[in-house]
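Quick caveat: nothing in here was measured; it's all calculated off a predicted structure. Below, chain A is the first sequence line, B the second, and so on; all start at residue 1.
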Amino acid sequence: MRDALTRLGIEGDPLVRAAQEEQFGDYQSNCAMVLAKRLGRKPRELAVEIIAHLSIAELCEPPEIAGPGFINFRITPAAMARRLGAIPAAGHAGVERLGIERTPRPQRVIVDLSSPNLAKEMHVGHLRSTVIGDCIARVLEFAGHEVLRENHVGDWGTQFGMLVAYLRRIRPEVERNPESLIIKDLEAFYVEAKTQFDADDTFKAQSREAVVALQQGDATTRRIWQAFCEESLRHCHALYGRLGVRLVDRGESYYNELMQEVVARLEQRRQDDPNSAVRLSEGALCVFLEGFKTRDGQPLPLIVRKSDGGFNYATSDLATILHRVEHLGATRIIYVVGLSQKQHFEMLFAAARKVGFVGEEVSLHHLGFGNMLSPGGKPFKTREGGTVKLRDLLDEAVERARRVLQEPREEDWSAGRPDRASLADADMQRIAETVGLAAVKYFDLSHALGSDYKFDLDTMLSLEGNTAPYMLYAYARIRSIGRKAGIDFDALPATDLVLEHPAEIGLAKTLLRFAEVVQVASDELKPNVLTDYMYELSRAFSRFYDKRLGVRVIDASPETIRLSRLRLCDLTARTLKLGLDLLGIATLEQM
RNA sequence: GCGCCGGUAGCUCAGGUGGACAGAGCAUCGGAUUUCUAAUCCGAAAGUCGCAGGUUCGAGUCCUGCCCGGCGCACCA
């Protein structure tokens, strides 16, 4: 299509995409209508001309023009077989990428994700950033970019003075042996400290002193603080480990010196040009930006140094940008943070550009997401109104998964299905863990990022519909086919594909769309594009394997057909596995 | 008050730069089945896409106004 447009001397996007309905073919192009409008011509005439300049005879049937000027393409089974056949087989280079190429223009990308506060336990509010951020990082990495996952944890501020002082009071041994620190329940520890802080003026004073000591670099205080942060991070990483999330922790404290640098640079700017956007206002050092107003309609600046001389969120965020651009060499920074922070990031980015911290060559992107709500549609809280720990949420999901998985076991015994019924309890626990976590992650990623969603265990653990269990089942089932057919998929040679039956063609068609789907998901940073496809692929497979409308596989004959169908199974399994991997979801060989 | 995001089938949600009668899952109803893992497949019913205007050959999608919900609006992160 692109060539045809070029030959016609027309610039424009071919707008080719999978057809919405089967009657319109496999792919459709809507460009004739768009271009005709621009060129002041009749859409159908232009469509005719475009078709005349196409050279796609060996790819598809002669294209048809329909309606106001749609161009419909129907790929020939032979062409599908060729394309699928070109996907590297087991043992060949590129098999793990299914032949999908890397971007020709790799970037160094920072994904800012998770970012819990170390003073407390991670709670449900951290789930989305962690899961989405990890997925985005995986997708961009797969696309060929160099991705750095930065966990901007909160490890600084007044509350840490309080925590250090409290540790000193009730665990004095920490001072001598900071490495030994274990805090079972971080949340309870914080609450205790806070209660003490509010009730005890002496303790309050000690807390303040600890903050000062921390800032001045007092060795003992820092050791205790560090011990606390490390213990808190161990709590975090227990969860990251379960979730299969890798990231690099870099606390706010890391930027202490850079924050001085940020302020110094801005101060310089202000003094060089008193009329610049950087000005003092009510004693605070501010960056004034266009388009932002306070409640009263006054200009709303980004405050970079408070009137008391202290730093705030904006200061550390600017320092972070400086670090990422100047030290880490990032050309793209993606913040996976809730949508409620939207204005803050707009101001932050505008300010960073205004004061020259980042140039045109660097893109700053706030990938905002909606709230995770309780099943009732209200903010997610415990019955008492407190925050729900992320660990508790995941535990519950796993426990519920275990119950769902165990339900049919009794029947399996009587139905003579030892495949599932014979699973040892340990295996069952492992499977439940995978399924439970997969369900939570998949459910999150299957919603459009910007919208809120209701956390509903029943729905996400359902064995039917667009859920992780359905997808994992589809995968496990295919792997089981390999075992039963006595074929090692990991040693299956490249075979000629035979695509004759509608079920074969339907599956092949869906398989071929994977590369494009990954491309869209990666370009637009939309995980749900991927999940939607995964579901379609799983369904296409179920149809393929259906006893009435599908085809025989394990006992198919002749052997060429059998191998072809097994290869389709394998391609499906590999695609599912890769797709799930991009979502950050582990697969199971058996469930 | 200003700004941003959302309002799509009974429920939960999709809808790539405006495009072919608005899609899916659950739930409902009806089929298939002595299973190559039925944890499946096929089909039906179900929506004036918040409301009212406008732009366009064509609007869930763009513009304006209004209604409803959420979030944000200078020294908290």
Side-chain angles (χ1 to χ4, degrees), chain A residues 13 15 17 19-21 23-24 28 30 33-34 37 43 66-70 72 117 154 156-159 252 281-286 291-308 310-314 316-317 338-344 346 368 370-371 373 375 377 379 404-405 407-408 412 415 417 419-420 443 446-448 450-454 456 458-459 462-467 469-470 472-474 476-481 484-485 520 523-524 526 528-529 531-532 535-536 539 542-543 545-556 590-591:
Chain A
D13 196 317
L15 293 176
R17 62 184 63 159
Q20 298 170 20
E21 300 200 31
Q23 56 168 314
F24 302 132
Q28 66 180 56
N30 302 341
M33 291 172 293
V34 175
K37 184 170 209 162
F70 297 99
N72 295 334
N117 187 332
W156 206 245
T158 53
Q159 45 198 342
E252 283 180 285
S281 171
E282 296 173 32
L285 184 63
C286 300
F292 298 98
K293 285 180 181 152
T294 68
R295 201 181 291 270
D296 311 319
Q298 300 301 309
L300 174 67
L302 185 74
I303 294 176
V304 181
R305 186 185 60 211
K306 299 191 285 181
S307 54
D308 67 2
F311 298 154
N312 62 10
Y313 199 21
S316 79
D317 275 341
L339 231 29
S340 63
Q341 309 268 356
K342 192 175 176 197
Q343 185 178 297
H344 168 71
E346 282 171 357
N371 297 314
L373 306 171
V404 170
L405 290 166
E407 244 166 50
D412 291 333
R417 265 180 287 175
D419 207 21
R420 219 184 307 146
F443 191 68
S446 63
H447 290 85
S451 47
D452 296 346
Y453 76 82
K454 295 172 190 162
D456 181 350
D458 289 329
T459 304
S462 169
L463 303 160
E464 286 150 16
N466 188 8
T467 66
Y470 179 92
L472 291 174
Y473 170 71
R477 191 191 195 190
I478 299 173
R479 298 295 292 176
S480 151
I481 291 168
K484 192 154 276 185
V520 172
D523 287 348
E524 302 183 13
K526 286 182 174 175
N528 70 313
V529 167
T531 58
D532 285 354
Y535 183 55
E536 268 181 62
R539 298 190 76 195
S542 286
R543 259 176 247 131
Y545 202 63
D546 186 69
K547 65 168 32 61
R548 196 160 58 92
L549 296 173
V551 295
R552 303 300 294 179
V553 175
I554 295 176
D555 53 8
Q590 195 182 359
M591 71 183 274

Legend entry - N or O in side chain of A:K484 less than 4.0 angstrom from B:C36 OP1/OP2: no
Legend entry - Whole-Å gap separating C1' (B:G18) and CG (A:D13): 15 Å
Inset, instruction - Consider only side-chain N and O atoms of A:D317 and A:H344, and report whether a donor and an acceptor are under 3.5 Å apart. - result: yes
Inset, instruction - Would you classify A:D555 as touching base, sugar-phosphate or nothing, given that sugar-phosphate means primed atoms plus P, OP1 and OP2, and contacts are heavy atoms under 4.0 Å? - result: nothing
Inset, instruction - Would you give a per-nucleotide map of nucleotides 40-47 of chain B, 5' to 3', where B means the base has a protein non-hydrogen atom under 4.0 Å away, S means only the sugar-phosphate does, and - means neither? - result: SSS-----
Pairs under 3.5 angstrom, nitrogen or oxygen only, protein versus nucleotides 58-63 of chain B, please.
{"residue": "B:G58", "atom": "O6", "partner": "A:K37", "partner atom": "NZ", "Å": "2.5"}

Inset, instruction - Look at all strands and tell whether A:F24 reaches a base, only sugar-phosphate, or nothing, counting heavy atoms closer than 4.0 Å. - result: base
Inset, instruction - Starting from C1' on B:G18, measure out to CZ on A:F70 and report it in whole angstrom. - result: 11 Å
Inset, instruction - May I ask you to say what A:D458 touches in the nucleic acid, namely base, sugar-phosphate or nothing, with a heavy-atom cut-off under 4.0 Å? - result: nothing
Legend entry - Distance, C1' atom - from B:C67 to B:G53, rounded to whole angstrom: 15 Å
Legend entry - Side chain of A:P68 (C-beta onward), nearest among B:C13, B:G16, B:G19: B:G19
Inset, instruction - Please state the P separation for the pair B:A9 and B:C57 - nearest whole angstrom. - result: 31 Å
Inset, instruction - Whenever both distances are under 3.5 Å in a Watson-Crick or G-U wobble pair, mark it; put RNA chain B into dot-bracket that way, with [ ] for crossing pairs and | when the partner is on another strand. - result: (((((((..((((.....[...)))).(((((.......))))).....(((((..]....))))))))))))....
Inset, instruction - Please work out which of the three classes, parallel, tilted or perpendicular, describes the rings of A:F443 and A:Y453, given edges at 30° and 60°. - result: perpendicular
Inset, instruction - Identify whether any heavy atom of A:A485 sits under 4.0 Å from a base atom; if not, whether one sits that close to sugar-phosphate; answer base, sugar-phosphate or nothing. - result: nothing
Inset, instruction - Taking atom C1' in both B:U56 and B:G19, compute the distance separating them and give it to the nearest angstrom. - result: 11 Å
Legend entry - Pairwise P distance, B:C63 and B:G7 [rounded to whole Å]: 15 Å
Legend entry - Sugar-phosphate, base or nothing in reach of A:N72, heavy atoms under 4.0 Å: base
Legend entry - Pairwise C1' distance for B:C11 and B:G47, with rounding to whole Å: 13 Å
Inset, instruction - Would you mind classifying the nucleic acid contact of A:A66 as base, sugar-phosphate or nothing, using non-hydrogen atoms under 4.0 angstrom? - result: base
Legend entry - C1' atoms of B:A74 and B:C2, separation to the nearest Å: 16 Å
Inset, instruction - Please list, chain by chain and in numerical order, all residues satisfying side chain to side chain contact (heavy atoms under 4.5 Å, CB included) with A:T467, sequence neighbours excluded. - result: A:S462, A:P469, A:Y470
Inset, instruction - Classify every nucleotide of nucleotides 69-77 of chain B by which part a protein heavy atom approaches to under 4.0 Å, writing B for the base, S for the sugar-phosphate alone and - for neither, in 5'-to-3' order. - result: --SSBBBSB
Inset, instruction - Identify whether the distance between the nearest side-chain nitrogen and carboxylate oxygen of A:D546 and A:R543 falls below 4.0 Å. - result: no
Inset, instruction - Kindly write out the residues that satisfy side chain to side chain contact (heavy atoms under 4.5 Å, CB included) with A:D458, not counting sequence neighbours, or none if the list is empty. - result: A:R400, A:D456
Legend entry - Any donor-acceptor N/O pair under 3.5 Å between B:A20 base and A:Q28 side chain: yes
Inset, instruction - Using the P atom on both, measure B:G31 against B:C36 and round to a whole Å. - result: 23 Å
Inset, instruction - Please check if the side chain of A:N312 supplies one atom and the backbone of A:I303 the other of a donor-acceptor pair under 3.5 Å. - result: yes
Inset, instruction - Between B:G6 and B:G50, how far apart are the C1' atoms? Round to whole Å, please. - result: 11 Å
